[in-house]
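Every chain is numbered from 1 and lettered A, B, ... according to where its sequence line falls, protein lines coming before strand lines.
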2 protein chains.
Amino acid sequence: MRVKWHDGYRTFKRVNMSDQQQLLDTLAQVGRALGNGHRLALLERLAQGEAPVETLATTAGLTVGNASQHLQQLRRAGLVTASRAGKQMIYRLTDERIVSLMGLLREIAETNLAEMERLVGQLFADDDAHGALEAVTRDELMAGLERGEVALLDVRPEDEYSAGHLPEAINIPLPVLEQMLERLPRDKEIVAYCRGPYCALSHEAVQRLRQLGYRVRRFEEGYPEWKAAGLPVA
Amino acid sequence: MRVKWHDGYRTFKRVNMSDQQQLLDTLAQVGRALGNGHRLALLERLAQGEAPVETLATTAGLTVGNASQHLQQLRRAGLVTASRAGKQMIYRLTDERIVSLMGLLREIAETNLAEMERLVGQLFADDDAHGALEAVTRDELMAGLERGEVALLDVRPEDEYSAGHLPEAINIPLPVLEQMLERLPRDKEIVAYCRGPYCALSHEAVQRLRQLGYRVRRFEEGYPEWKAAGLPVA
DNA sequence: CCATCATTCTATCGTTTCATAGAATAATGG
DNA sequence: CCATTATTCTATGAAACGATAGAATGATGG
């Protein structure tokens, strides 16, 4: 029973292999897809919404060719699909649960890896320097919105915002923040969010706005987590 | 800022790398740990309960030396910890959530990989041959136990059973199944379970018991999933 | 202290992964 | 049909991974 597979090596190894081990090997293929920082960056971008290769390459800081290769690998692992739209190939996540998978991976890593704690600490160091800027939790945010006490600020690029965002959120991409301050109300607390817990955009936005005298905090999650939790999006 | 790391290559690459990418790279380390079938087999065994290296090596079908290396890798990824007990090193999962992580990985793979479907189909082919032997769901099982209509059979090796098992379960390791039939009631339906959805032990047990005329089905999950769901264990 | 047992460490070899550059393919608009 | 644009494919070299065998370490029990 020689099963045709992606390459000769595996074909050889899989001969006479228990169903069990074959299943685990196939699962491992999915694990391997998560085993590279650049691919995780691509997945994080895809969690914001579908996108063509060039966009993905740019946000992940890769050459187009290299990004394409990583995307093929994600495709073989069943994590993304692609469809053609004119000259462009549009990639998207196959499954809403992939966001949960990455979230769980993150939580486990944060709990059990010292290195992780160090890096997260570093990411939050600037916040602390400005005086205990705790991130806003989901419940807090929802309560604040309910009472009309907070304004939501989405600092992601415009294309990610328009692919989906939190209800009522105002979009000011970080690079043009200072040029569009008139969009922000001065009488409410501002809560900034971006791509997820590790996305630096909202950290940066909070720092810059505080320097300008705004009352502003960071939402501890991002758009993908909000959406994956089944909460309403626009 | 040259951070000391596991090897020279990474140290070099990480210079001037964004916090962002460093975090994703560290996460990727956890992903990579899940990217090998043998390591997944080790994790599956560890989900049954802590064990020394030799036991782990045997159940995963590895040499002791090789198993040790894989375990080091899992340790570096923060997925397992080890402690010495006399001459032996006892390994265990660091976190209950790792079972959920593997479950989610499995669900996503099953939905999105054709190869996965094929292999699962193969695993279930024998059941179907004997006439639509649907696996028992968790709810069904709980209802059946409640009404006292089913007897639970744990076909895992004795050491895994004694590390924890479903309440009221009778343990008959598969290799000695025929020698211990007197432990099984003949007036109830028997539900067999083992290590998890892909574990072949309960499949095999069901086939052999049906040949002997027992009314018997398979539980669709295993001990780790039951425990991870917060249900009572003995 | 020595012999034993369990495990880890080290060196090695073959295979795989990753990034790069450049060729090939596919759709579009003249 | 040709030039352009977007993407994928192919070949290459450097680094990492995985399995093996044998040496080294660490705890135990005489």
Expressed in angstrom and rounded to an integer, what is the separation of [X] atom [atom1] from [N] atom [atom2]?
| X | N | atom1 | atom2 | value |
| --- | --- | --- | --- | --- |
| A:Met89 | C:dT28 | CE | P | 12 Å |
| A:Leu56 | D:dT8 | CG | C1' | 15 Å |
| A:Gln21 | D:dG18 | CD | P | 13 Å |
| A:Leu62 | D:dT8 | CG | C1' | 15 Å |
| B:Leu42 | C:dT7 | CG | P | 13 Å |
| B:Arg32 | D:dA16 | CZ | P | 10 Å |

Check your understanding: What does A:Arg39 touch in the nucleic acid at a heavy-atom separation under 4.0 angstrom: a base, only the sugar-phosphate, or nothing?
Key ->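 Result for A:Arg39 = sugar-phosphate.
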Do other residues, nucleotides or ligands put more than 12 heavy atoms under 6.0 Å from the [atom1] atom of [X]?
| X | atom1 | answer |
| --- | --- | --- |
| B:Glu168 | CD | no |
| A:Glu110 | CD | yes |
| B:Gln72 | CD | yes |
| A:Glu117 | CD | no |

**Study point:** Nucleic acid contacts of residues 65-74 of chain A, taken as heavy-atom distances under 4.0 Å to DNA chain C
**Key:**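 The stretch gives A:Asn66, A:Gln69, A:His70, A:Gln73 as the residues lying under 4.0 Å from the strand, ordered by number.
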Practice item. Sequence neighbours left out, what passes ring-ring contact (aromatic ring centres under 6.0 Å, His included) with A:His70? Give chain and number order. Key: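 Here no residue qualifies.
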Practice item. May I have all residue pairs that pass side-chain hydrogen bond (donor to acceptor under 3.5 Å, both in side chains) and include part of residues 220-234 of chain B, sequence neighbours excluded? Key: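 As it turns out, the side-chain hydrogen bond (donor to acceptor under 3.5 Å, both in side chains) pairs with a partner in residues 220-234 of chain B, which skip direct neighbours, are B:Arg138-B:Glu221.
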**Study point:** Out of C:dT20, C:dA19, D:dT7, whichever nucleotide has its closest atom nearest the side chain of A:His38
**Key:**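 When the side chain of A:His38 is considered, C:dA19 is the closest of C:dT20, C:dA19, D:dT7.
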Review point. Is the closest side-chain donor-acceptor distance between A:Arg39 and A:Gln73 under 3.5 Å?
Key: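 Yes.
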Point to revise | C:dT17 phosphate, OP1 or OP2, under 4.0 Å from A:Asn36 side-chain N/O | key: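 For A:Asn36, the contact criterion (side-chain N or O under 4.0 Å from OP1 or OP2 of C:dT17) is not met.
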Check your understanding: OP1, OP2 of C:dA6 versus side-chain N and O of B:Tyr91: anything below 4.0 Å?
Key ->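 No, outside the criterion.
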**Study point:** Non-neighbouring partners of B:Glu158 that pass salt bridge (Lys or Arg N to Asp or Glu O under 4.0 Å), sequence neighbours left out
**Key:**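 Scan of B:Glu158 (salt bridge (Lys or Arg N to Asp or Glu O under 4.0 Å), adjacent residues dropped) gives none.
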Check your understanding: How does each nucleotide of nucleotides 23-30 of chain D score, in 5' to 3' order, for protein heavy atoms under 4.0 Å: base (B), sugar-phosphate only (S), or none (-)?
Key -> ----SS--
Which pairs of donor and acceptor atoms, one on a side chain in residues 44-53 of chain B, lie under 3.5 Å apart (sequence neighbours left out)?
from    : atom 1 : to       : atom 2 : distance (Å)
B:Arg45 : NE     : B:Glu160 : OE2    : 3.3
B:Arg45 : NH1    : B:Gly49  : O      : 3.2
B:Arg45 : NH2    : B:Asp159 : OD2    : 3.1
B:Gln48 : OE1    : B:Arg156 : NH1    : 2.7
B:Gln48 : NE2    : B:Glu44  : O      : 3.1
B:Gln48 : NE2    : B:Arg195 : O      : 3.1
B:Glu50 : OE1    : B:Arg92  : NE     : 2.9
B:Glu50 : OE1    : B:Arg92  : NH2    : 2.9

